[in-house]
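Note that the numbering runs from 1 along the sequence shown for the chain. Read the numbers this way: they start at 1 and go in the same order the structure lists the ligands and their atoms. In what follows, every heavy atom counts, from backbone to side chain, and hydrogens, waters and symmetry copies are set aside.
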Amino acid sequence: MGVRVQINGKTLELVMGDITEQDTDAIVNAANERLIPGGGVDGAIHRKGGPSIAEEARKIGLCPTGKAVVTGAGHLKTRYVIHAVGPIYRDGKSGEPELLASAYREALTRAEELKLNSIAFPSLSTGAYGYPLEGAAPIALNTILSFLKNREYPRLVRMVLWGEAAFLAYRKALEELAKKN
Ligand code: AR6
């Protein structure tokens with residue numbers, strides 16, 4: 001089960017699944033500013049990837065909200081982990097939409113710099129950071145689609161949604177974006 005759209009010869013996919021199982025060139029981690037392993041996606045990536053990822057992240061130090069940094073991927077199937085820091089959701093009026101868009105754009109820019117063909121994202125900020133799925137999904141998809149439209153790399157972006165509720169929220173947001181364009 002999945003959804004796929006083409007834009008300027010590039011592909012956006014929505015799938016239900018586990019980000020740590022993806023064999024794309026990079027996967028994105030839903031990280032925190034201190035790059036210290038936490039729960040959710042972050043915990044799963046460090047558990048499966050092994051200690052080298054946290055060791056590399058520690059050398060980088062801090063990553064401000066809305067930014068993204070790259071490490072290797074330890075034992076994971078992917079080559080790189082791109083650690084993106086989404087905003088903690090407060091009230092939706094504290095710059096969260098811009099910071100969320102920035103986190104996606106920054107992660108995509110790291111992939112572009114490395115000329116990666118494919119990258120997989122989890123739904124940033126919608127777990128521990130409390131961003132409502134219905135608000136986050138259109139921001140994520142809009143940001144990804146405009147990047148794919150305008151840049152050469154990456155050529156494939158896969159949104160990996162954890163569970164049916166997240167998948168359906170993103171599918172609905174994509175249908176609504178398609179109607180507008
Ligand atoms: N694969 C894909 N998506 C997943 C997986 C998985 N294996 N596990 C959870 N999700 P979260 P955040 C979904 O909390 O909100 C950490 O402690 C989950 O259902 O991982 O950005 C960090 O260290 C949710 O929709 O990230 C930070 O401190 C989405 O992934 C903080 O949490 C993101 O949930 C970051 O919070």
Going by heavy-atom distance to [atom], choose the closest among [options].
atom	options	result
atom 31 (C) of ligand 1	Trp162, Tyr131, Tyr129	Tyr129
atom 35 (C) of ligand 1	Ser123, Ala30, Ala84, Gly38	Ala30
atom 21 (O) of ligand 1	Ala103, Gly86, Ser125, Pro122	Ser125

Taking distance alone, with N or O pairs closer than 3.5 Å, would you say [X] contacts ligand 1?
X	value
Gly127	yes
Gly40	no
Pro37	no
Asp42	yes
Ala128	yes
Leu124	no

For a 4.5 angstrom cut-off between non-hydrogen side-chain atoms, does [X] reach [Y]?
X	Y	answer
Thr65	Ile88	no
Ile53	Ile45	yes
Tyr153	Asn117	yes

### Query
Looking just at side-chain N and O atoms, do Ser125 and Tyr89 make a donor-acceptor pair shorter than 3.5 Å?
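No donor-acceptor contact under 3.5 Å links the two side chains.
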
### Task
Starting from atom 24 (C) of ligand 1, locate the nearest protein heavy atom and write down its residue, its atom name and how far away it is, to 0.1 Å.
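Looking at atom 24 (C) of ligand 1, the protein heavy atom closest to it is Thr126 OG1, 3.5 Å.
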
### Query
Of all the non-hydrogen atoms in the protein, which one sits nearest to atom 1 (N) of ligand 1, and at what distance?
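Residue, atom and distance for the closest contact: Ile19 N, 2.9 Å.
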
#### Entry: Ile144 CD1 to Met159 CE distance, which is reported to the nearest 0.5 Å
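One finds 5.5 Å between CD1 of Ile144 and CE of Met159.
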
### Message
Run the salt bridge (charged side-chain N to carboxylate O under 4.0 Å, His left out) test on Glu55 and Arg58 for me, step by step, so that the C-alpha distance in whole Å, both residues' side-chain angles and the decisive distance to 0.1 Å come before the verdict.
### Response
CA-CA 5 Å; Glu55 278 160 27; Arg58 192 168 46 76; over 6 Å; no

### Query
Is a donor on one side and an acceptor on the other found under 3.5 Å between the side chain of Arg110 and the backbone of Ala68?
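Confirmed, Arg110 side chain pairs with Ala68 backbone.
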
### Task
Please assess Glu96 against Arg90 for the test salt bridge (charged side-chain N to carboxylate O under 4.0 Å, His left out), listing each intermediate value before the final yes or no.
CA-CA 8 Å; Glu96 298 96 328; Arg90 204 183 311 169; 5.4 Å; no

